[in-house]
Amino acid sequence: GAGVSQTPSNKVTEKGKYVELRCDPISGHTALYWYRQSLGQGPEFLIYFQGTGAADDSGLPNDRFFAVRPEGSVSTLKIQRTERGDSAVYLCASSSLVGAGANVLTFGAGSRLTVL
Amino acid sequence: AQSVAQPEDQVNVAEGNPLTVKCTYSVSGNPYLFWYVQYPNRGLQFLLKYITGDNLVKGSYGFEAEFNKSQTSFHLKKPSALVSDSALYFCAVRGLTGANNLFFGTGTRLTVIP
């Protein structure tokens, strides 16, 4: 696609529920990234994929968070047993790994998660 | 660990005046440095990057940044500010060698006063 697409744009859920957030990267981008941004803060790195595998998942805060990218394109961020502290905007980005676009992340508009 | 610091939460500048948004970095090895901008209700947008070469990097919308190794700084600059430049600006550094993920600063809100 022309840009990085994230769905849903807004999600309101109750504490303890399970949530899935979807990211559709730019076609052909090998790398995909998930970040979390709380109000007044910079984006916080969560996980980074090269192709289908997670190259770095050191930013996932705990084992309630999990992400997959089974076919090397679309990715899903999964949050189990949501807590109020999980409320944030979840940002997805993608990039190529070669050429002039290497290291330049293109971000989606984000999915705003509110846990009541 | 790689990190960046943005010492100013807020910068105000009059329209037409030069602007500077500050960033300092801490890295092992050669730094890959970036500036991104976030307009209200919009996603983060890439402005410019420094990988190697000329210390003065030019980017989108007339912005530029100067890499200073001795001061470990990468300040964002523009000779003449526009009201439309008002936004949230983030400095970022690439992760360890071989990685592509970025680590962002806390952001600086720039307000250009008409």
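Values reported hereafter were calculated over all heavy atoms of this structure, with side chains retained and with hydrogens, waters and symmetry mates removed. Because the structure is predicted, anything quoted here is derived from the model rather than measured. So you know, we letter chains A, B, ... as the sequences are listed, proteins then strands, and number each from 1.
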Trainee: Taking 4.5 Å as the heavy-atom cut-off, does anything in residues 102-114 of chain B contact chain A, and if so which residues?
Mentor: B:L102, B:F103, B:F104, B:G105, B:T106
Trainee: Between B:Q6 and chain A, which part of the residue has a heavy atom less than 4.5 Å away: side chain, backbone, both or neither?
Mentor: neither
Trainee: What part of A:Q37 is in contact with chain B, defined as an atom under 4.5 angstrom from a non-hydrogen atom: side chain, backbone, both or neither?
Mentor: side chain
Trainee: Are there over 12 heavy-atom neighbours, none belonging to A:F66, within less than 6.0 Å of that residue's CZ?
Mentor: no
Trainee: Can you find a pair of side-chain heavy atoms, one from A:L105 and one from B:Y36, that are under 4.5 Å apart?
Mentor: yes
Trainee: Specify the closest pair of heavy atoms between B:F90 and A:G42, including all atoms of both residues, with the distance to one decimal.
Mentor: CE2-CA, 3.3 Å
Trainee: Is it the case that one hydrophobic cluster holds both A:L91 and A:V19, taking links as side-chain heavy atoms less than 4.5 Å apart, direct or via other members?
Mentor: no
Trainee: In the single-linkage hydrophobic clustering (I, L, V, M, F, W, Y; side-chain heavy atoms under 4.5 Å), do A:L60 and A:L32 co-cluster?
Mentor: yes
Trainee: Hey, is CZ on B:R42 packed in by over 12 heavy atoms from elsewhere, all under 6.0 Å?
Mentor: no
Trainee: Any chain of hydrophobic side-chain contacts (each under 4.5 Å) joining B:I51 to B:Y25?
Mentor: yes
Trainee: Report yes or no: do B:L56 and B:Y61 belong to one cluster of Ile/Leu/Val/Met/Phe/Trp/Tyr joined by side chain heavy-atom distances under 4.5 Å?
Mentor: no
Trainee: Compare every heavy atom of B:F46 with every heavy atom of A:V104, then report the nearest pair and how far apart it is.
Mentor: CG1-CG, 3.6 Å
Trainee: Do A:Y33 and A:L21 sit in one hydrophobic cluster, given that two such residues count as connected whenever their side-chain heavy atoms are within less than 4.5 Å of each other, even indirectly?
Mentor: no
Trainee: Please list, chain by chain and in numerical order, all residues satisfying salt bridge (Lys or Arg N to Asp or Glu O under 4.0 Å) with B:D85, sequence neighbours excluded.
Mentor: B:K78
Trainee: Which members of residues 108-116 of chain A, sorted by number, sit under 4.5 angstrom from chain B on a heavy-atom basis?
Mentor: A:G108, A:A109
Trainee: When Ile, Leu, Val, Met, Phe, Trp and Tyr are grouped by side-chain heavy atoms lying under 4.5 Å apart, directly or through other members, which residues fall in the same group as A:V98?
Mentor: none
Trainee: Has A:E71 got more than 12 heavy atoms of other residues, nucleotides or ligands less than 6.0 Å from its CD?
Mentor: no
Trainee: Which atoms of A:I47 come close to chain B, meaning under 4.5 Å heavy atom to heavy atom: side chain ones, backbone ones, both, or neither?
Mentor: neither
